[in-house]
Amino acid sequence: MEKRDGRPAGAVRLDDDDTERGTADAAVEDGPDLSWPSLPAQRTDAPGEPTHAEVYLTVQRSAAFQEVRRRYRSFVMPATALFLTWYLAYVITSVTAPGLMARQVIGPLNVAMLAGLGQFVTTFVLTWAYARHARLRRDRAALDLRWETQEMTGGNVR
């Protein structure tokens with residue numbers, strides 16, 4: 001059995017309301033509201049006012065944004081390369097030179113154990129260095145860009 005608009009009976013469209021479907025929960029008015037929350041209306045820009053996409057593209061092309069990205073890459077790329085080199089050296093040495101890695105250093109500690117612990121230490125040092133670099137070299141500029149973007153979009157940034 002089909003409805004007048006060609007949909008099968010029981011099919012639900014997003015613009016249907018409960019009374020049109022004739023469901024039992026349309027009659028329940030005392031229970032909790034389980035309907036989807038209404039979405040906020042899309043912002044319509046006034047003529048001559050830039051859209052959100054235009055604002056973000058403008059910010060992305062700005063010298064300040066490019067500087068933040070340059071500072072980010074200048075830390076992340078070398079740090080990643082250094083850490084991967086250190087990690088691969090540890091793994092390759094473990095596989096190709098087991099005698100070297102088994103050499104006792106202090107009591108029961110051997111070279112492999114110290115190098116493995118060094119991996120953990122390196123991870124923590126790298127995390128600290130990244131956070132410090134971000135705080136000292138990028139956070140202020142990124143926050144300024146965010147405020148500028150908020151002002152340009154009227155505070156409607158999602």
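Model, not experiment: these values are computed from the prediction.
- Below 30°, between 30° and 60°, or above 60°: for Phe75 and His133 the angle between ring planes is below 30°, a parallel geometry.
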Practice prompt. Please assess Tyr87 against Thr122 for the test side chain to side chain contact (heavy atoms under 4.5 Å, CB included), listing each intermediate value before the final yes or no.
Written response: CA-CA 10 Å; Tyr87 175 73; Thr122 304; over 6 Å; no
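- Atom OG1 of Thr123 and atom CH2 of Trp128 lie 15.0 Å apart (nearest 0.5 Å).
- Met113 and Val105 fall within the same hydrophobic cluster, where Ile, Leu, Val, Met, Phe, Trp and Tyr residues are linked whenever their side-chain heavy atoms come under 4.5 Å apart, directly or through other members.
- Among all heavy-atom pairs drawn from Phe83 and Leu126, the shortest one is CB-CD2, 4.0 Å.
- Note: the hydrophobic cluster containing Val111 also contains Leu109 (ILVMFWY, side chain heavy atoms under 4.5 Å, direct or indirect links).
- Residue pairs meeting the side chain to side chain donor-acceptor pair (under 3.5 Å) criterion with at least one member in residues 88-103, sequence neighbours excluded, do not occur.
- Side-chain contacts under 4.5 Å among hydrophobic residues (ILVMFWY), followed directly or transitively, place Leu100 with no other residue at all.
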Practice prompt. Test Tyr72 against Tyr130 for side chain to side chain contact (heavy atoms under 4.5 Å, CB included), laying out the working first.
Written response: CA-CA 9 Å; Tyr72 171 78; Tyr130 176 82; 3.6 Å; yes
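- Between Ala102 and Asn110 the shortest heavy-atom distance is O-CB, 3.7 Å.
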Worksheet item: Going through the distances and angles, do Thr149 and Arg146 end up as a side chain to side chain contact (heavy atoms under 4.5 Å, CB included)?
Response: CA-CA 5 Å; Thr149 305; Arg146 180 178 179 171; 5.7 Å; no
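- Listed by chain and residue number, Val68 satisfy the side chain to side chain contact (heavy atoms under 4.5 Å, CB included) test with Ala141 (two or more places apart in sequence, or in another chain).
- When hydrophobic residues (I, L, V, M, F, W, Y) are linked wherever their side-chain heavy atoms come within less than 4.5 Å, the members clustered with Val125 are Val121.
- Residue pairs meeting the salt bridge (charged side-chain N to carboxylate O under 4.0 Å, His left out) criterion with at least one member in residues 110-138, sequence neighbours excluded, do not occur.
- Among residue pairs with one or both ends in residues 57-75, those qualifying as salt bridge (charged side-chain N to carboxylate O under 4.0 Å, His left out) are Glu67-Arg70, Glu67-Arg71; sequence neighbours excluded.
- Crowding of Met101 atom CE: a count of heavy atoms from other residues, nucleotides or ligands under 6.0 Å exceeding 12.
- Panel note: side chain Glu151, backbone Glu148; no donor-acceptor pair is recorded below 3.5 Å.
- Within a 6.0 Å sphere centred on CG of Leu88, heavy atoms belonging to other residues, nucleotides or ligands number more than 12.
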